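Numbers restart at 1 for each chain; the letters A, B, ... are given by sequence-line order, proteins then strands. In this text the structure is predicted, and so the values were computed from the model without any measurement.
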Amino acid sequence: MGIVYLEDGRIADEFVIGEVPFTLSDALVMQPEEYEKLTPEEIAAMKQSRYDKWYAFVTTPPVEEVPVDPAG
Amino acid sequence: MADRYWANAVNGAWSDVNMWSATSGGTTGVSAPTNSDNAYFDRAGTYTVTGNATALNMSVTAGLVTFNLGINVFGGTAATFFTLGSGNVAAFTASSTTSFSTTTSMTLTTNGTALNTSISVAFGRSGIAGTIVLGSSLTISGTGVSGTSGKAKLDFGSLDLNGYALSVTGPFFINTAAAHTLAFGTTGSITVSDVDANGTAFSLTGTITVTGTPVVNVSYSGSTATNVNLLAMTEANSISFNFTTGTYNLTFLNVASHTARSVSFAGFGGTWLGRTTANTIYGDLTLSAVAGFSVGASTGILTLGSTSATTRVITSNAKVYDGPITISGTSGLYRLADAFTMGSTRALTHTNGSLDLNGKTLTVGTTYTTAAGTKSLTFNGGELRCPAATTTAFNNAAPTGFTTVAGTGTGKIAMTAATAKTFVGGGSTFNCNLSNDGAGALTISGANTFTGITNGVQPTSFIFPSSTTQTLTNWTVSGLSGSIVTITSTTAGTAATLSKASGTAASDYVSLKDSTASGGAAWYAGPLTHSTNVSGNTGWTFTGPPISVSVTGVAATSAVGTPLTGVVTPVNVTGIASTTGIGTTTVTVTSNATVNVTGGSATGFAGSSSITTATSVIFEGWNRPLGWGVGPFGTGAATIGLATGSVGNVTVVVNINVNVTGRSATASVGSPTVAISADAFVTGLSSTARVGTPTVVASASASVTGLASTTAVGNVYIDYTTYIFAVGSASAGQVGSPTVVVDCSTPVVGSQSAGYVGDALAVVNNTIFVVGLGSTTSVGVATAVVNATVNLAGFYATGYVGQVLVWGQIIPGQTPVWTEIDPNFASSWSEITPSQTPVWTEISA
C-alpha cells in the first residue's frame with residue numbers, strides 16, 4: 001500500500017481498510033496537485049468515507065427491480 | 001480568379017468597390033471579391049470592415065482590422081487558405097453564418113482570433129467537400145447557439161484539426177449523411193461548452209472516419225439536460241469523451257451499438273442517465289469524484305471492448321456503476337485503479353481479455369460469469385467480491401480459455417452472501433484464495449485447484465462436491481468456540497476429497513462429514529473437544545497440529561514478535577523485510593499445536609495472537625496488506641507491519657528450543673531468555689545492529705551468530721553448565737562478549753570482521769577461544785579466572801589481536817599476561833609470555 005503513479009499522470013493513494021470479511025482495497029486517484037492540497041486528516045477522512053459508503057452498500061440487501069409492463 | 005486588396009486602412013463595407021484594388025496599394029474601384037477571388041488585407045493602420053464577406057481565399061497580414069460582418073462565405077473550388085495574421089485582427093464578428101469550403105485542402109489559420117458568430121461556423125458546402133485543415137487552434141465563440149445543427153458543424157467533406165484545439169461555445173455537429181473524415185492528429189481536440197435548443201452538445205451523423213487521437217471535451221457548465229449523440233463505430237474510429245463540469249442529466253451511449261473510446265466524467269457533477277441499450281467503451285472509464293455525480297440504473301450492457309495492447313484503466317472514484325458490464329475485447333487489458341462496485345442487481349460477464357484487479361476490491365452484483373472466449377482474471381492481491389445468494393454468484397460457465405493470475409500477493413474470491421450461494425468453479429485453476437465470507441452455505445462445484453480455501457466468518461458452511469477433488473495449497477478453514485464451520489459433501493454418504501500435497505492443513509471447531517483429506521499433507525481437524533467427527537471422514541486427525549517456535553527477522557528494522565510459550569512447543573514468528581512489529585504471540589498450549597506468525601515483505605504489523613489450547617494458527621504476512629485480522633484460532637489481532645526495531649524476544653519457560661534469527665536486520669535481533677534445559681540460537685545475518693543477548697539460566701546451549709553484521713554480535717550470558725558460540729563472520733562491529741560463569745566452552749570467532757572481536761570471560765574450568773580471521777581491528781580480550789584454556793588467534797587480522805587476562809593457575813603471580821602474534825604465521829596463536837607488558841601485533845592480511 002502507498003502512493004503509486006499511474007501512467008496517465010494521476011497518483012493513486014492505495015489503502016486497505018476494514019476488518020474481514022469487510023475489507024476494502026481501494027485507492028484515492030487524482031491529479032498530484034489536487035492530492036497535495038489535502039491534509040493527512042482530509043485524506044484519512046476520504047478513505048473512511050469511501051469505506052463507510054461501500055460498507056453500507058454491500059451490507060444493504062439488493063432491491064429487485066420491478067419489470068416494466070410495456071402495455072402500461 | 002482575381003486578387004483583391006483592401007486598398008486603404010479605412011473603414012468600409014466588404015461590398016464597396018471603392019475599398020478594393022487589384023494590386024496592393026493600387027487604385028480602388030475594382031469589384032469586391034467573390035468566391036472566385038482572393039481577398040488581401042495588407043495595409044498598415046486600424047480600420048473596420050463590415051457587411052457580408054465572400055472570398056475564395058483570404059489573408060490579413062498587416063494593420064489591425066476589425067471584421068464586423070454578416071453572412072460570410074469563404075472558400076470554394078480549389079480554395080487553399082484563410083489566414084488571420086497574428087496581431088492583425090482586433091476582432092472577427094459575424095451576425096450570421098460563416099462557412100469555409102474547398103474541393104481540395106484549405107488551411108484555416110486564425111492565430112488566436114476567435115471567430116465570433118451569433119449562429120454558426122460551417123465546414124464544407126454541398127458539392128464542395130474537401131478538407132478544412134486547421135493551421136492554428138480555432139475558437140468559435142459567441143453567445144448564440146444555432147438552432148439544432150451545431151454552432152460549429154462539419155456539413156460536407158472533412159475536418160483536419162491537425163493537432164490543434166477546436167473550441168466552441170456551443171455544440172459541434174456533423175450534420176449530413178455523407179462520408180466524413182474527422183482527423184485529430186496526435187494532440188487535437190474538440191471542446192464544446194454549450195448545448196443547443198435540444199440540449200445537444202455533440203452529435204454525429206453519416207459515415208465517419210476518425211483518425212489520430214480523438215478527444216472531445218464537453219465542458220458545458222449548466223444544468224440543462226444534455227445529449228451526446230454518437231454512432232456505432234469501430235474501436236479505431238471511436239472518440240474519447242471528457243465530461244469536465246456541469247450538473248446536468250446526460251444522455252450518452254443510449255442508442256444501440258453506439259461506441260466511445262475512453263470516457264471520463266472527472267469534474268462532472270450530474271447524472272449519467274440510465275441506459276437501456278448495449279454499448280461499447282473501448283478505452284478507459286473514469287467515473288467522477290464529484291459528490292453529485294451518479295450513474296443511473298441501467299439495463300443495457302456496457303461492454304468494455306478494448307483489443308489494444310495498451311492497458312485500459314477503470315476508475316470508479318467510489319461511485320457505484322449500476323449496470324451490467326461485459327468485458328469482451330480480444331487480448332484487451334483492463335485494470336482497476338481503485339475499488340469498483342457494481343449495482344447489486346447487475347452482472348459482470350467476462351468473455352475476452354484480461355481484467356487486473358490490481359490489488360483492489362471488485363464488488364459485482366448478481367454474478368461474475370465467464371462466457372466463451374479467452375479471458376484472464378489477475379488479482380495482484382485484489383479481491384473479487386461476489387455477494388449474491390444465488391447458484392451463480394460465481395459462475396465459471398465457460399472454463400475453456402479461462403485463466404487466473406495471482407500476480408503480487410494473494411488475491412481472493414470472496415463469497416459473501418449470508419444465505420446459500422454457489423461457486424461454480426468449472427474445474428479451473430484459481431490462483432487465489434476462495435473465501436466463504438458470509439454465513440450462508442457455500443456450495444462448490446467442479447474439480448478445482450485453489451491457492452487456498454478459507455473462511456472469513458464463523459459460523460458458516462462448506463458443501464464440497466461428492467466424488468470430486470479440490471486441490472489446494474493452503475487450507476485455513478476453522479470456526480470458533482460456539483461458531484463452528486460445517487463441512488459436508490453434496491451427496492450424503494459420498495465423500496468429497498480435499499487434496500494438499502505437503503505440510504499441514506489445520507482446522508479447528510469444525511463439523512466434518514463425508515470428507516476425505518488427502519494429498520500428502522497432515523490434516524488436523526482440531527481436538528474432539530472442539531470439532532465433530534460426524535461420519536464418512538478419512539484422512540483427518542482430530543487433534544491440533546504440532547507446535548514449533550522460532551522467531552526470525554530478515555531485513556527487519558523493528559521488532560519481530562514476542563512469542564511466549566508456556567510449555568514444550570515450537571512457535572514460529574518470522575519477519576522478513578518487515579519495517580514494524582511482526583506479531584506478539586502468546587501461546588499457552590496444553591497439547592500439540594503449531595503457531596506461525598510470518599511477515600515476509602510485510603507492510604504492517606503482523607499480528608498478535610493469544611492461544612489458550614491445543615490448536616493451530618498460521619499467520620502469513622508475505623506481501624500481505626494491512627488489516628490482517630484475527631487468526632483462525634484463538635483471540636487477538638494479527639496484522640502485518642514493517643518492523644523498525646528489535647527482532648523478537650522469546651521467553652521460554654521450560655524444555656524448549658528457541659531460534660531468533662535476524663537476517664539483514666537493521667536493529668537488534670532478539671534477546672531470548674531460556675530458563676532451563678533449552679538450547680538458544682540467536683542469529684543475525686547481515687544485520688546492522690546488535691544481534692541478541694541470550695540469557696541461559698541453566699543446562700542449555702546458546703549460539704549467537706552475526707554473519708556480515710555491521711555492529712556488535714551478541715552478548716551471551718550463561719549461568720551454568722552450557723556451551724556457547726559467539727560467531728561474527730564478516731561482521732563490521734563487535735562480535736560478542738560471552739560471559740561464562742562455569743563449566744563452559746566459549747569460542748568467540750570474528751571471521752573477516754571489521755570490528756572488535758569479542759571479549760571472553762571464563763570464570764572457572766572453561767576453554768576459551770577468541771579467534772579473529774581476517775579481521776581488520778582488534779581481536780578480543782580473554783579473561784580466564786581459573787583452570788582455563790585460552791586461545792587467541794588472529795588470522796590475517798589487520799588490527800591487534802587480543803588481550804588475555806588470566807586470573808588463576810596459569811602462571812601464578814603474573815597478571816595480566818598477553819601475547820604477541822608472529823605475523824609470519826598465517827594461522828597461529830602465540831604462547832603466552834610472562835612478564836611482558838601488554839603487547840599486540842599488527843597482522844598483515
Side-chain angles (χ1 to χ4, degrees), chain A residues 1-40 42-70 72, chain B residues 262 264 266 284 286 289 297 299 310-311 313 315-320 335-341 343-346 357-363 365-366 380-383 385 387-389 411-412 414-416 418 435-438 454-457 460 603-604 624-630 637:
Chain A
M1 295 300 101
I3 295 175
V4 299
Y5 288 84
L6 306 182
E7 293 179 353
D8 60 7
R10 296 180 298 172
I11 64 170
D13 181 355
E14 299 181 327
F15 62 95
V16 178
I17 188 170
E19 300 294 335
V20 174
F22 292 105
T23 53
L24 174 67
S25 298
D26 200 354
L28 300 178
V29 181
M30 63 188 76
Q31 297 295 332
E33 57 271 23
E34 297 173 348
Y35 187 81
E36 290 168 359
K37 295 176 183 175
L38 300 173
T39 65
E42 289 172 330
I43 292 171
M46 291 174 71
K47 293 176 179 177
Q48 187 63 48
S49 173
R50 291 176 73 135
Y51 177 76
D52 292 344
K53 291 177 181 176
W54 175 80
Y55 179 83
F57 184 83
V58 299
T59 55
T60 301
V63 177
E64 296 297 330
E65 292 183 334
V66 178
V68 177
D69 183 358
Chain B
S262 291
S264 171
D284 302 334
T286 303
T299 57
T310 300
T311 298
V313 179
T315 308
S316 77
N317 278 311
K319 298 302 191 302
V320 173
R335 176 188 299 155
L336 299 187
D338 58 4
F340 193 88
T341 303
S344 58
T345 59
R346 311 304 176 191
L357 301 184
N358 190 31
K360 310 303 187 302
T361 302
L362 168 59
T363 305
T366 56
N380 279 313
E383 174 181 326
R385 191 178 182 92
K412 180 169 80 169
M415 310 296 288
T416 64
S435 185
N436 188 353
D437 284 355
T454 187
N455 61 299
V457 298
T460 191
T603 59
R624 292 289 296 273
L626 289 168
W628 186 27
V630 178

Problem - Atom CD of Glu33(A): over 12 foreign heavy atoms under 6.0 Å - result: yes
Problem - Any side-chain heavy-atom pair of Val320(B) and Lys53(A) under 4.5 Å - result: no
Handout entry: Region of Leu24(A) that comes under 4.5 Å of a non-hydrogen atom in chain B
Key = both
Handout entry: Side chain to side chain, Val58(A) and Pro387(B), heavy atoms closer than 4.5 Å
Key = no
Handout entry: From Thr416(B) atom OG1 to Phe22(A) atom CZ, the distance as rounded to the nearest 0.5 Å
Key = 7.0 Å
Problem - Heavy-atom pairs under 4.5 Å with chain A, option from Glu383(B), Arg385(B), Lys412(B) with the top count - result: Arg385(B)
Completion exercise
Here the pair of heavy atoms bringing Ser316(B) nearest to Arg50(A) is OG-NH2, 4.5 Å
Completion exercise
Cut-off 4.5 Å, heavy atoms of chain A, and the answer for Thr311(B) is neither
Practice task
Hey, could you give me the CE/OG1 distance between Met30(A) and Thr315(B), rounded to the nearest 0.5 Å?
Solution key: 11.5 Å
Practice task
Kindly give the heavy-atom pair with the smallest separation between Asp26(A) and Ala339(B), and that separation in Å.
Solution key: OD1-N, 2.8 Å
Handout entry: Heavy-atom closest contact (Ala337(B) atom, Leu6(A) atom, distance)
Key = CB-CD1, 4.2 Å
Practice task
Indicate yes or no for a side-chain donor-acceptor contact from Thr361(B) to the backbone of Ser25(A) under 3.5 Å, with no hydrogens or angles considered.
Solution key: yes
Handout entry: Contacting moiety of Ala318(B), where chain A heavy atoms sit under 4.5 Å
Key = both
Exercise for the section: For residues Lys360(B) and Ala27(A), report the shortest heavy-atom separation together with the two atoms involved. Expected result: CE-CB, 3.6 Å
Fill in the blank from the handout: Between Thr286(B) and Arg10(A), the two heavy atoms sitting closest are CG2-NH1, 3.8 Å
Exercise for the section: May I ask you to test the Val313(B)-Glu7(A) pair for a side-chain heavy-atom distance under 4.5 Å? Expected result: no
